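Remarks on the structure that follows.
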Amino acid sequence: MDTPILLTGIAAGIGALMGGASLLVPRWGASVVRLMPDPRWPGGWAEFRASYGGAFLLAHGSVLLTIAMMAQAGRNSVVAAGFAVGALWLGMAIGRIVSMLADGKAHQTRTSYNLFSTGFEIAMGLALWAPWLGHIGG
C-alpha cells in the first residue's frame, strides 16, 4: 500500500474510532466538542450519537471500505471518498479559524483548544486528501 493511501487509512480509522466512541458514549463526544444538550429540549443526546457518532463512523467507514475494495473499485474510489471526508475536516478548520478571527474577543474563541483543534482538523483533512493531492500533482 502506498503512502497516500496509508495516510488516508490512518485518518479514516481515527475518524471512525471517534465516531464509534461518540455513538457508544455520547458524553465523550460532547466533551470533545465542548457542548451539552439543552435541558429545555428533550432528546439532545440523540444528536451527539447521530451527528458526532453515526455520521462520523459511517463517513470514515466508507473511506475504509473503499480502501478495502480498492482492487475491485479502483484507486479513484479512494481518491473520491477521501476527498469528500477530507473536505468535511477542512471545512471545520475554516469555520474554527473564522470564529477565532471574527468572534475572538466577543466569545473568547481564541483558545489553545481551538488552536490545537484547527491543527488536528487540517492534519486530518490533508491526510484524507493525500491520494487526491498526489493525483492532481502527478
Side-chain angles (χ1 to χ4, degrees):
M1 184 177 303
D2 59 56
T3 301
I5 300 295
L6 182 62
L7 287 172
T8 297
I10 291 168
I14 291 168
L17 287 172
M18 291 174 72
S22 293
L23 181 64
L24 297 174
V25 186
R27 284 191 186 279
W28 178 83
S31 71
V32 170
V33 296
R34 296 184 170 192
L35 296 172
M36 292 298 290
D38 188 332
R40 298 174 296 170
W41 307 98
W45 286 110
E47 191 62 34
F48 287 103
R49 288 187 196 271
S51 299
Y52 300 107
F56 261 60
L57 176 62
L58 291 185
H60 292 84
S62 69
V63 176
L64 293 171
L65 180 61
T66 62
I67 292 170
M69 296 182 64
M70 191 168 56
Q72 179 182 357
R75 181 182 176 87
N76 286 341
S77 64
V78 178
V79 172
F83 182 86
V85 179
L88 171 80
W89 283 99
L90 293 172
M92 289 190 292
I94 290 167
R96 196 176 299 276
I97 290 166
V98 168
S99 182
M100 285 189 290
L101 294 173
D103 307 326
K105 289 184 181 180
H107 299 288
Q108 300 176 354
T109 57
R110 293 181 194 153
T111 65
S112 58
Y113 171 84
N114 280 331
L115 288 172
F116 171 82
S117 294
T118 299
F120 180 75
E121 290 158 356
I122 290 170
M124 288 289 286
L126 291 177
L128 286 156
W129 273 17
W132 179 74
L133 292 169
H135 176 74
I136 63 168

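Keep in mind the model is a prediction, meaning the values are calculated, not measured.
Cluster annotation: Leu65 and Met70 are assigned to distinct hydrophobic clusters (Ile/Leu/Val/Met/Phe/Trp/Tyr, side-chain heavy-atom contacts under 4.5 Å, transitive). Side-chain heavy atoms closer than 4.5 Å link hydrophobic residues (I, L, V, M, F, W, Y) into clusters, and following such links, possibly through other members, connects Val85 to Met92. Cluster membership check: Phe116 shares its hydrophobic cluster with Met124, using side-chain heavy-atom separations under 4.5 Å among Ile, Leu, Val, Met, Phe, Trp and Tyr. Hydrophobic clustering keeps Ile94 apart from Met100 (ILVMFWY residues linked when any side-chain heavy atoms are closer than 4.5 Å, directly or through intermediates). Follow the hydrophobic side-chain contacts under 4.5 Å out from Ile67 and you reach Leu88 in the same cluster.
Rounded to the nearest 0.5 angstrom, Ile14 CD1 and Ile10 CD1 are separated by 7.0 Å. Taken to the nearest 0.5 Å, the CG atom of Leu126 stands 12.0 Å off from the CD atom of Glu121. To the nearest 0.5 Å, atoms OG (Ser51) and CG (Leu35) are separated by 10.5 Å. From Ser62, atom OG reaches atom CE of Met69 across 12.0 Å, with rounding to the nearest 0.5 Å.
Of all non-hydrogen atoms in Leu57 and Ala16, the two that sit nearest each other are CD1-O, 3.4 Å. Summarising the geometry of Leu128 relative to Ala11, their closest heavy-atom pair is CG-CB, 3.8 Å, with the distance given to 0.1 Å. Among all heavy-atom pairs drawn from Arg110 and Leu101, the shortest one is NH2-O, 3.3 Å. Shown here for Val78 and Pro131, the closest heavy-atom pair between the two residues is CG1-CG, 4.2 Å. The two residues Phe48 and Val33 make their nearest non-hydrogen contact at CE2-CG2, 3.8 Å. Here the closest non-hydrogen pair linking Trp28 and Met18 is CZ3-O, 3.4 Å.
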Full working for side chain to side chain contact (heavy atoms under 4.5 Å, CB included) between Arg34 and Asn114: CA-CA 11 Å; Arg34 296 184 170 192; Asn114 280 331; over 6 Å; no
So Trp45 and Arg27, side chain to side chain contact (heavy atoms under 4.5 Å, CB included) or not? Walk me through it. CA-CA 8 Å; Trp45 286 110; Arg27 284 191 186 279; 3.5 Å; yes
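Annotation: ring-ring contact (aromatic ring centres under 6.0 Å, His included) contacts involving residues 78-102, sequence neighbours excluded, comprise Phe56-Trp89, His60-Trp89, Phe83-Trp129, Phe83-Trp132, Trp89-Phe120.
For the pair Arg49 (side chain) and Leu23 (backbone), a donor-acceptor distance under 3.5 Å is present. A donor-acceptor pair under 3.5 Å links the side-chain atoms of Thr109 to the main chain of Ser99, judged by distance alone. When atom types are taken as modelled, the side chain of Thr66 and the backbone of Val63 share a donor-acceptor pair closer than 3.5 angstrom.
With salt bridges taken as basic N to acidic carboxylate O contacts below 4.0 Å, none links Arg96 and Asp103.
For the pair Ile122/Thr118, a side-chain contact is recorded, criterion being any heavy-atom separation below 4.5 Å from C-beta on.
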